[in-house]
Amino acid sequence: METTTRRWIITGASSGLGLALAETALERGERVLGTARRADRFDALKERYGDRLIAVEHDVRDVEGAAAVVRRAVEDFGGVDVLVNNAGAGQVGTAEEVTDAELRDMLDQHLLGPAAYVRAVLPHMRANASGAIVQMSSQGGRMSFPAVGSYSAGKFALEGWSEALAGEVAPFGIRVLIVEPSRFRTEFNAAGVLRAARQQAAYEGVAGAVRANMAEADGIQEGDPASAAVAIREMLEAEDAPLRLPLGAEAVRNLTRVYQRGLDDVQRWAEVSRSADFPGVPPAVRAF
């Protein structure tokens, strides 16, 4: 993929990591279609980059509208080289506090919305026998803790879906990169952006510190969005890029601990696990 001709669709491109990726691409002479819930959030970028940026007003939860966004990029750019599913939001609340509607909203934003974009863009990428799909997950897509279960539900689902996707599209020359950021200095933790379920006093001892920590992190997160954009671009160029990219030192620390703990548990309880098989029967199927 030539960087001078790369064409992007980036959802949620008006702020945070999406904005950093869009600016980095535009600075290199590439073309970007960026989406946001309000198109006027792109006014400053439009002034700087002109018609190399197409600003589209679209809520990722509108799955029926994704195809039209992709069609606009194909018509205006002649194709799509990179799809970045970045749009989304955080939510704080325990399992009992989060309503069905709030849980579905997390799934709509972090799984069903990205899936709609992928389905719309794949025919074009397959026809060109190339392309990259960047799924912006989170360290919360591989680990979770009290009061972030609804957010992690969407990201865990995105990662499982994307892992299967990677195997499905590899024969067509299409790559999938799952990015797992830790805390970056974006609007994610800002008041009015980070969502909160209606609190129940019974859970204050469990979830209160989590709520406070996430709110207090706004503006002091250690992750640099501009550096993150460079790292993601580097992975798109690498021949041996991983399926998953933990992004930020905190993500590396946390996921290393989670993976090691999981491996330790598998090994510790292996005999109990094996005892569930019929004696002497060889495996009939294999995991792909």
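Computation of the quantities below employed the complete heavy-atom set of this structure, encompassing side-chain atoms and omitting hydrogens, waters and symmetry-equivalent molecules.
- Using a 4.0 Å cut-off between a side-chain N of Lys or Arg and a carboxylate O of Asp or Glu, R274 and E271 qualify as a salt bridge.
- At least one side-chain heavy atom of S150 sits less than 4.5 Å from a side-chain heavy atom of V98.
- One side chain, E96 or Y203, offers a donor N or O that lies under 3.5 Å from an acceptor on the other.
- Under the 4.5 Å side-chain heavy-atom criterion for ILVMFWY residues, no single connected hydrophobic cluster contains both L112 and M106.
- In plain terms, the two heavy atoms of E27 and Y49 that are nearest each other are CG-OH, 3.2 Å.
- Note that CG of L247 is 7.0 Å distant from CG of L17, once rounded to the nearest 0.5 Å.
- Contact of the E168 side chain with the L165 side chain is registered, since non-hydrogen atoms from C-beta on lie closer than 4.5 Å.
- Using a 4.5 Å heavy-atom cutoff, the side chains of S138 and Y151 are in contact.
- When all heavy atoms are compared, the tightest approach of Q139 to L255 is O-CD2, 4.0 Å.
- In this structure, R6 and V82 have side chains that are in contact, with non-hydrogen atoms separated by less than 4.5 Å.
- Applying side chain to side chain contact (heavy atoms under 4.5 Å, CB included) to M235 and the options V134, L245, D240 leaves one that passes, L245.
- In this structure the side chain of V258 never reaches within 4.5 angstrom of the side chain of R142, judged on heavy atoms.
- Side-chain contact, E159 with S137: a donor N or O sits under 3.5 Å from an acceptor N or O.
- Remark: I178 CD1 to L243 CG distance equals 4.0 Å, nearest 0.5 Å.
- A single hydrophobic cluster is seen to contain both M125 and V74, as judged by linkage of ILVMFWY side chains at heavy-atom distances under 4.5 Å, directly or through other members.
- Follow the hydrophobic side-chain contacts under 4.5 Å out from L19 and you reach V179 in the same cluster.
- Judged as a side chain to side chain contact (heavy atoms under 4.5 Å, CB included), and not counting sequence neighbours, the contacts of Q260 are L263, D264.
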For W8 and V80, run side chain to side chain contact (heavy atoms under 4.5 Å, CB included): C-alpha distance rounded to whole Å, both residues' side-chain angles, the deciding distance at 0.1 Å, then the answer. CA-CA 6 Å; W8 300 69; V80 177; over 6 Å; no

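- With contacts defined as side-chain heavy-atom distances shorter than 4.5 Å, the pair T11/V84 does not qualify.
- At most 12 non-hydrogen atoms from other residues, nucleotides or ligands lie less than 6.0 angstrom from CD of E234.
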Under the side chain to side chain contact (heavy atoms under 4.5 Å, CB included) rule, what do T94 and Q200 come out as? Steps first, then yes or no, please. CA-CA 9 Å; T94 66; Q200 294 188 21; over 6 Å; no

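- Between V118 and I133 there is a side-chain heavy-atom pair separated by less than 4.5 Å.
- Put simply, CG on L53 and CG on L33 are 8.0 Å apart, with the number rounded to the nearest 0.5 Å.
- Using a 4.5 Å heavy-atom cutoff, the side chains of I54 and V32 are not in contact.
- With sequence neighbours excluded, no residue forms a side chain to side chain contact (heavy atoms under 4.5 Å, CB included) with V230.
- Of all the heavy atoms in F42 and A36, the pair that sits closest is CE1-CB, 3.5 Å.
- Hydrophobic clustering places I174 together with I9 (ILVMFWY residues linked when any side-chain heavy atoms are closer than 4.5 Å, directly or through intermediates).
- Among residue pairs with one or both ends in residues 115-125, those qualifying as side chain to side chain donor-acceptor pair (under 3.5 Å) are H58-Y117; sequence neighbours excluded.
- Without hydrogens or angle criteria, R48 side chain to A44 main chain gives no donor-acceptor distance under 3.5 Å.
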Stepwise salt bridge (charged side-chain N to carboxylate O under 4.0 Å, His left out) check, E30 with R233: CA-CA 13 Å; E30 299 168 2; R233 291 179 65 94; 2.8 Å; yes

I'd like to know whether Y259 forms a side chain to side chain contact (heavy atoms under 4.5 Å, CB included) with R257, so could you lay out the CA-CA distance, the side-chain angles of the two residues, the decisive distance to 0.1 Å, and finally the verdict. CA-CA 6 Å; Y259 290 148; R257 184 183 70 251; over 6 Å; no

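- Once rounded to the nearest 0.5 Å, the distance linking CG of D76 with CG of D51 reads 9.5 Å.
- Contact detail for P146 and V206: the closest heavy-atom pair is CB-CG1, 3.8 Å.
- Between atom CD of residue E23 and atom CD1 of residue I10 there is a gap of 10.0 Å, rounded to the nearest 0.5 Å.
- The cationic group of R7 does not satisfy the cation-pi geometry with F77, failing either the under 6.0 Å distance to the six-membered ring centre or the 45° limit from the ring axis.
- At a threshold of 4.0 Å, the pair R244-E163 counts as salt-bridged, since one of the basic side-chain nitrogens sits closer than that to a carboxylate oxygen.
- Counting heavy atoms of neighbouring residues, nucleotides and ligands inside a 6.0 Å radius, atom CG of D265 exceeds 12 of them.
- One hydrophobic cluster holds both F172 and L122 under the rule that ILVMFWY side chains link at heavy-atom gaps under 4.5 Å.
- Side-chain atoms of D224 come within 3.5 Å of backbone atoms of A226 as a donor-acceptor pair (strictly under, hydrogens ignored).
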Begin from the C-alpha positions of V176 and V169 and carry the test side chain to side chain contact (heavy atoms under 4.5 Å, CB included) through to its verdict. CA-CA 8 Å; V176 175; V169 301; 3.9 Å; yes

Please determine whether side-chain hydrogen bond (donor to acceptor under 3.5 Å, both in side chains) holds for the pair E102 and T99, giving the CA-CA distance in whole Å, both sets of side-chain angles, and the decisive distance to 0.1 Å. CA-CA 5 Å; E102 289 168 330; T99 65; 3.3 Å; yes

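- Here the closest non-hydrogen pair linking L103 and A153 is CD1-CB, 4.2 Å.
- Without hydrogens or angle criteria, S162 side chain to L158 main chain gives a donor-acceptor distance under 3.5 Å.
- Taken from OG in S152 to CD in Q91, the straight-line distance is 11.5 Å, to the nearest 0.5 Å.
- Residues Q135 and P114 come closest through the heavy atom pair OE1-CB, 4.4 Å.
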